[in-house]
Amino acid sequence: MTNKLIMLSLIMTVILGACKNGTESGHVSGVNMIADGEPQVAEVTGAPNVPAPVGNRGPKKWIVNLETTEIEGIIADSTSYTFWTFNNTVPGSFIRVRVGDEVTLNLKNAANSVLPHNIDLHAVTGPGGGAEATTAAPGKEASFTFKAINPGLYVYHCAAPPVPMHIGNGMYGLILVEPEGGLPKVDREYYIMQGDFYTKASTAKKGLYEFDNDKAVAENPDYVLFNGKKGSLLGANMLTAKVGETVRLFVGNGGPNLTSSFHVIGEIFDNVYLEGGSKVSHNIQTTMIPAGGSAIVEFKCEVPGEFVLVDHSLSRAFNKGAIGKLKVTGDANPKVFKADHK
Amino acid sequence: MKMKHISYIIFSIIFLFTSCKENKPTVTELPSDSIFNLTSNWKNQYGDSLQLKDLQGKTLVVVMIYTTCKSACPILVSKMKTIESKINRKEINNVSLVLVSIDPETDTPEKLKEFAKTNKMEAPQWIFLTSNELDTQEFANVLSLKYKKISPIDFSHSNIISVFSSQGQLVTQEEGTIDVDKVVKTVHELAKK
Amino acid sequence: MLHTLNRYTFILIVFLLSCNNQNEMQVNNSLSNTNVTTIQHTFSNTKMVYIPGGEYKPFYGSDSVLTKVAPYLLDERAVTNSEFLAFVKANPQWQRSNVKRIFADSTYLKDWQSDTELPKNANPDAPICYVSWFAAKAYAQSVAKRLPTLDEWEFMAMADETSPNARNKPSYSDDIISLYLIKERQYNAVKQTKPNYWGVYNVFDLIWEWTDDFNSILTTNDSRTGQYEDQSLFCAGSATSSTDVLNYAAFMRFALRTSVKANYTIANLGFRCAKDTIINKK
């Protein structure tokens with residue numbers, strides 16, 4: 001009996017201690033971490049790719065260069081649309097840092113831009129997320145420096161007026177702030193961002209489509225898309241993985257208006273970093289991603305096949321374009337899934 | 001006696017001549033981005049006419065205010081006073097603290113002098129300037145300061161304290177919640193140069 | 001003795017004066033190179049149209065306050081490449097290699113082949129761009145005009161082709177935005193499209209235009225954040241303080257104006273001139 005009690009108290013102590021350690025390490029404030037060395041230019045990537053994990057490295061200083069552009073691109077089939085972008089892609093380049101990193105963000109507005117642009121990073125603690133500090137007229141540059149103090153997956157976007165139009169035209173992206181020690185290792189990581197698009201034919205240029213303010217106000221988009229283009233994750237552009245691999249998706253929602261019900265048909269998310277924060281939930285079928293928000297989802301690929309990524313508000317998937325695929329190759333695993341052919 | 005006078009006078013002439021010569025380079029070799037390139041005409045609190053280039057040679061701490069302002073300007077003025085008090089006394093002779101009026105119509109040299117007296121800003125390092133609407137607008141634009149007359153007596157404006165080198169080049173600007181110590185530090189660093 | 005002293009004093013005074021003169025001459029010489037206020041007149045035959053003014057609701061501010069715009073004259077079109085070329089020929093201090101950085105940044109008259117040659121293939125009748133506010137102001141002075149105020153410009157811009165105030169027409173803002181979204185419009189000649197109700201050409205379809213008081217739009221860190229919404233041009237602020245939240249075209253103009261500094265020169269930013277008038281045709 002006493003033995004058991006001693007054992008119990010010992011176990012309790014260990015648990016308590018571990019618990020304490022856990023909270024302490026969680027409480028080491030990013031504010032007081034010292035970023036080492038000379039600033040280096042950070043690698044940034046276009047979707048669906050992400051830069052290399054931060055791993056075990058300490059806090060550092062980075063320079064992130066982004067260029068705002070206004071370009072014509074294909075939105076669906078052969079329809080041209082005037083996109084506004086960070087680094088010529090929708091979504092904009094993926095930025096990957098860790099807690100305690102010091103980031104100097106240089107925003108250059110292309111010389112042939114019509115409008116001023118800026119950047120509001122939700123990962124920034126400070127006025128406007130940097131929007132005012134980075135407002136750049138056509139052909140001009142602006143910059144500011146911030147310290148990443150909260151880990152998480154954050155949306156960034158242009159906040160120049162009219163904001164819904166800048167976002168509606170594709171001016172958003174993700175910045176990942178990894179915790180100390182980095183996120184757990186996985187086999188594959190991908191970058192996906194949903195956005196709603198409101199279009200009408202330009203009255204100034206034939207064959208070109210542009211932002212429709214009325215449809216945006218009515219929140220009635222023509223397209224709801226992953227990565228700014230119908231079919232961006234279909235056909236030759238499908239995401240890929242192998243049976244047995246763990247996949248991590250960094251999923252953001254630029255909006256400007258719709259909330260996404262993100263779902264992968266035929267998979268259950270083993271882990272979801274809810275709303276891109278630190279709380280991990282398990283065994284999730286569909287996760288909500290608010291406009292201007294994100295989620296990190298992880299799952300293990302147990303069986304081969306084409307797994308369909310959708311916004312489970314399904315009209316968006318089947319009528320407005322919010323659909324993509326992950327192709328998993330490898331050996332079948334009948335223990336997990338077996339079709340009974342008659 | 002006579003000789004003494006002559007040599008004295010000759011000496012003075014030579015002295016004047018050389019001092020006259022020395023003025024030349026300061027007039028001709030201004031950096032392209034110097035505020036001393038502006039040719040607007042101003043009056044100080046003593047009613048003297050001057051141009052900005054007459055302030056050349058000293059570090060300038062510049063703020064735009066109007067004396068009848070009840071909201072932000074008193075804070076800006078007190079920040080300027082704090083900055084002045086924190087500048088090393090050995091360096092203060094090389095610094096001018098310049099308050100430029102946004103409201104030239106109301107802020108006559110007499111008004112400015114009175115304002116200086118009321119606020120105990122009468123030491124030689126304090127310079128108050130007023131001009132006309134056009135030149136005030138030009139100067140505000142050089143500082144990238146936004147302002148708007150919102151009633152006959154009131155202006156809305158951004159709160160900026162700027163530091164210029166002795167050659168009139170903008171060194172730093174503090175906007176909004178102004179970090180006084182940062183301004184003082186900048187002034188100190190310029191003094192070392 | 002006294003006599004000689006006087007003589008010497010006289011010499012001294014003469015020296016002093018000559019010294020002063022020399023100094024002044026020096027100053028004057030340097031001024032003639034840099035002085036922005038000494039502007040040589042240049043010829044302009046740009047037709048000006050009469051804008052009767054009136055009261056209008058500014059885009060920013062409180063809903064109930066109407067702003068009065070006095071009658072004025074406005075150039076029917078933007079200042080062109082060829083006109084600005086004539087101006088810099090008459091005013092060498094405004095040529096690219098002479099201009100002071102404080103008055104125009106490094107892209108001033110970008111692409112010009114030399115101080116007095118327009119860019120290759122440039123249409124002489126296209127609007128001048130890559131000019132700073134200071135340069136625009138100096139040009140206006142050279143033709144005995146001025147820049148329009150923001151209120152004057154916006155008052156004029158309420159018109160469409162058929163009415164003086166088209167703000168409430170559903171297509172008004174949309175059509176302007178369609179024009180705004182087209183890039184590199186600034187290379188087209190002026191007056192190739194229809195004028196608005198007042199007879200003003202190319203209000204929206206070629207360039208952004210400098211206004212005299214572009215710096216009067218207050219954003220953050222202002223002394224009266226209650227009255228002029230703090231951060232009024234970012235995020236939520238813009239939705240609460242503008243009087244016409246659906247007028248995205250106006251948002252875009254104001255965004256541009258607040259993003260520039262007076263010495264900025266930009267690929268699609270030019271200007272037209274205005275003038276006071278004592279005529280009141282009302």
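Residue numbers begin at 1 in each chain, while the letters A, B, ... track the order of the sequences. Every heavy atom of this structure was used, including side-chain atoms; hydrogens, water molecules and symmetry mates were not.
The shortest heavy-atom contact between A:Tyr191 and A:Gly92 is OH-O, 2.6 Å.
Judged by the 6.0 Å and 45° rule, C:Arg257 forms a cation-pi pair with C:Trp153.
The backbone N or O of A:Thr79 lies less than 3.5 Å from no partner atom in the side chain of A:Asp77, so there is not a single donor-acceptor pair. Side chain of A:Glu219 to backbone of A:Leu258: no donor-acceptor contact under 3.5 angstrom is found. Judged by distance alone, with hydrogens and angles left aside, the side-chain atoms of C:Trp94 form no donor-acceptor pair with the main-chain N or O of C:Ala138 at under 3.5 Å.
Only the side chain of C:Thr107 comes within contact range of chain A, with heavy atoms under 4.5 Å apart. Contacts between C:Asp205 and chain A at a heavy-atom distance below 4.5 Å are absent for every atom of the residue. For a residue to count as touching a neighbouring chain, one of its non-hydrogen atoms must lie under 4.5 Å from one of that chain's; by this rule C:Arg185 touches chain A with the side chain only.
Tested against A:Ile289 for a side chain to side chain contact (heavy atoms under 4.5 Å, CB included), the candidates A:Thr259, A:Leu274, A:Val251, A:Asp311 yield a single pass: A:Val251.
Not counting sequence neighbours, A:Glu141 has no partner by the side chain to side chain donor-acceptor pair (under 3.5 Å) test.
Here the two rings, on A:Phe86 and A:Tyr172, have centers that are 6.0 Å apart or farther.
Heavy-atom pairs under 4.5 Å with chain A peak, among C:Leu179, C:Asp105, C:Ile207, C:Leu256, at C:Leu256. Your options are A:Leu208, A:Leu115, A:Asp212, and the one with the most heavy-atom pairs under 4.5 Å with chain C is A:Leu115.
Below 4.5 Å, heavy atoms of chain A meet heavy atoms from C:Ser259, C:Val260, C:Tyr264, C:Thr265, C:Ile266, C:Ala267, C:Asn268, all part of residues 259-268 of chain C.
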